[in-house]
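Note sheet for the following structure.
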Amino acid sequence: MLGEQIIRLAFFLGSLAAVAGWEVFAPRRPLTVSKARRWVTNLSLVVIDTVVVRVLLPVLPVGMALMAQEHGWGILNIIMLPIWVKIILAVVALDFVIYLQHVLFHFLPILWRLHRMHHTDLDIDVTTGNRFHPVEIVLSIGIKLAAVALIGPPLVSVVIFEVVLNATSQLNHGNIRIQETLDRWLRLIVVTPDMHRVHHSVITRETNSNFGFNLPWWDRLCGTYRSQPEHGHTAMNIGLKEFRDAADLTLGRLLVQPFDRS
């Protein structure tokens, strides 16, 4: 749907510009490697992922929501509720699906080989929120398609979810400073950068925590929440222990990384 694509692109560019500007004026951590090189790599992945998805997937989540509505598929297309209630329930349910998917990609070895590319970034900033292997993106959309068919969400709720997910992914990866007291309150309703940064720690028990992207509740309810990194946000090491050489993190190497023996 052209209108949905324009909305998503506008929010993507707007959130990218807003968080990137914030990083300039209020950075949380000093950078350790070339920002220009990382940005070229991470934003190139956005282009590659988009092309792969358009070529391989004839239907995207918004299209599936429309099909579900037309054919009466999914729970919310069966039960009678006010439309605003359905929209809220659908957005929350889809967010929980993404949380479960994220956990799955960490604990199933074959999926971790795909997802670990996201964690090899030696710094974390707004572009890290777009650093995903194209195969992972295709699988992720496949999971969302199944979830949409099962849930039967209103069309508008899928648009809202997709736009918010993209914007918050860039926000919570941002290298931005938020006042500590404000952060404590914010993370009761949304995943903040300080909360998600723990997830990018080189320490495995911290990597396997704070899986949420939008809503912070799932980590608390499921026991995967960790408040702060062991070494603090400034001193903590970002990335994975086995991938510390920036020369091995070029675009070409990242694309083949899931298929090598390391």
Side-chain angles (χ1 to χ4, degrees), residues 11-12 14-16 18-19 22-23 26-29 61 84-107 111-112 115 118-119 121 124-132 136 140 143-144 147 151 153 157-234 236 238:
F11 273 86
F12 168 78
S15 56
L16 176 64
V19 178
W22 194 343
E23 290 177 340
R28 187 68 165 94
R29 291 167 42 88
W84 66 269
V85 175
K86 288 188 176 184
I87 291 172
I88 293 173
L89 289 176
V91 170
V92 172
L94 287 169
D95 194 69
F96 185 51
V97 169
I98 294 301
Y99 166 83
L100 293 176
Q101 172 195 306
H102 197 177
V103 173
L104 195 66
F105 270 78
H106 271 251
F107 289 100
L111 296 180
W112 171 245
H115 182 64
H118 176 66
H119 284 267
D121 216 349
I124 179 172
D125 67 12
V126 61
T127 64
T128 309
N130 303 296
R131 182 189 177 98
F132 294 98
E136 178 180 359
S140 176
I143 292 171
K144 279 194 281 188
I151 297 168
S157 66
V158 179
V159 175
I160 291 171
F161 177 74
E162 293 280 67
V163 167
V164 170
L165 179 64
N166 186 265
T168 54
S169 179
Q170 295 191 101
L171 173 64
N172 60 40
H173 285 90
N175 182 30
I176 56 179
R177 181 177 299 277
I178 297 177
Q179 199 274 335
E180 186 176 341
T181 302
L182 177 59
D183 179 84
R184 283 201 302 269
W185 284 102
L186 283 175
R187 66 170 63 188
L188 295 176
I189 57 173
V190 68
V191 175
T192 66
D194 273 14
M195 177 178 168
H196 188 72
R197 192 175 299 107
V198 179
H199 181 72
H200 283 263
S201 167
V202 75
I203 300 173
T204 302
R205 62 179 175 273
E206 295 182 348
T207 308
N208 293 328
S209 68
N210 296 9
F211 292 97
F213 275 98
N214 294 327
L215 300 175
W217 314 327
W218 315 126
D219 284 298
R220 296 175 186 271
L221 290 172
C222 298
T224 55
Y225 176 69
R226 186 175 292 272
S227 176
Q228 300 294 334
E230 180 179 330
H231 299 299
H233 286 280
T234 302
M236 69 183 288
I238 299 294

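Considering only heavy atoms from C-beta on, L171 comes within 4.5 Å of W22 through its side chain. The closest side-chain heavy-atom distance from R197 to I124 is below 4.5 Å. With contacts defined as side-chain heavy-atom distances shorter than 4.5 Å, the pair D121/I238 does not qualify. E162 places a side-chain heavy atom less than 4.5 Å from the side chain of P61. Residues I176 and R28 form no side-chain contact, since every pair of their non-hydrogen atoms from C-beta on lies 4.5 Å or further apart. Here the side chains of K144 and V158 are not in contact, with every heavy-atom distance at 4.5 Å or above.
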Full working for side-chain contact (heavy atoms from CB on, under 4.5 Å) between E206 and Q228 = CA-CA 9 Å; E206 295 182 348; Q228 300 294 334; over 6 Å; no
Can D95 and W218 be said to form a side chain to side chain donor-acceptor pair (under 3.5 Å), step by step?
-> CA-CA 9 Å; D95 194 69; W218 315 126; 2.8 Å; yes
Pair Y99-D219, side-chain contact (heavy atoms from CB on, under 4.5 Å): steps then yes or no = CA-CA 8 Å; Y99 166 83; D219 284 298; 3.4 Å; yes
Give the intermediate values and the outcome of side chain to side chain donor-acceptor pair (under 3.5 Å) for residues R29 and H233.
-> CA-CA 7 Å; R29 291 167 42 88; H233 286 280; over 6 Å; no
With ring-ring contact (aromatic ring centres under 6.0 Å, His included) as the test, would you mind laying out the steps for W112 and H119 before giving the verdict?
-> CA-CA 10 Å; W112 171 245; H119 284 267; 5.5 Å; yes
Would I178 and L186 count as a side-chain contact (heavy atoms from CB on, under 4.5 Å) if you check the C-alpha gap in whole Å, the side-chain angles of each, and the deciding distance to 0.1 Å?
-> CA-CA 10 Å; I178 297 177; L186 283 175; 4.3 Å; yes
Evaluation steps, side-chain contact (heavy atoms from CB on, under 4.5 Å), between N214 and V191 = CA-CA 6 Å; N214 294 327; V191 175; 5.9 Å; no
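Rounded to the nearest 0.5 Å, atoms OG (S157) and CG (L94) are 6.5 Å apart. The OG atom of S227 sits 5.0 Å away from the CZ atom of R187 when rounded to the nearest 0.5 Å. Here the OG-NE2 distance, from S201 to H231, works out to 7.0 Å after rounding to the nearest 0.5 Å.
The backbone N or O of L188 sits nowhere less than 3.5 Å from a side-chain atom of R220 that would complete a donor-acceptor pair. Put simply, the side chain of R226 never gets that close to the backbone of V198: no donor and acceptor are under 3.5 Å apart. Remark: side-chain polar atoms of E23 are not paired, donor with acceptor, to backbone N or O of G174 under 3.5 angstrom. Here the side chain of T168 pairs a donor or acceptor atom with the backbone of V164 at under 3.5 angstrom. Formation of a donor-acceptor pair under 3.5 Å by the T207 side chain with backbone atoms of I203 is found in this model.
For Q101 against S140, the heavy-atom pair with the smallest separation is NE2-OG, 3.0 Å. Here the shortest heavy-atom pairing between F105 and I143 reads CE1-CD1, 4.2 Å. Of all non-hydrogen atoms in S169 and G129, the two that sit nearest each other are OG-O, 3.0 Å.
Defined by atom type and a distance below 3.5 Å, a donor-acceptor pair is missing between the side-chain atoms of D194 and T192. Remark: the N210 side chain and the H196 side chain contain no N/O donor-acceptor pair separated by less than 3.5 Å.
Between H102 and F211, the two ring planes are perpendicular [angle over 60°; tilted spans 30° to 60°].
Other residues, nucleotides and ligands contribute more than 12 heavy atoms inside 6.0 Å of the CD atom of Q179. Counting heavy atoms of neighbouring residues, nucleotides and ligands inside a 6.0 Å radius, atom CZ of F11 does not exceed 12 of them.
For H118 and H173, the gap between ring centers is short of 6.0 Å.
Residues meeting the ring-ring contact (aromatic ring centres under 6.0 Å, His included) test with F161, sequence neighbours left out: none.
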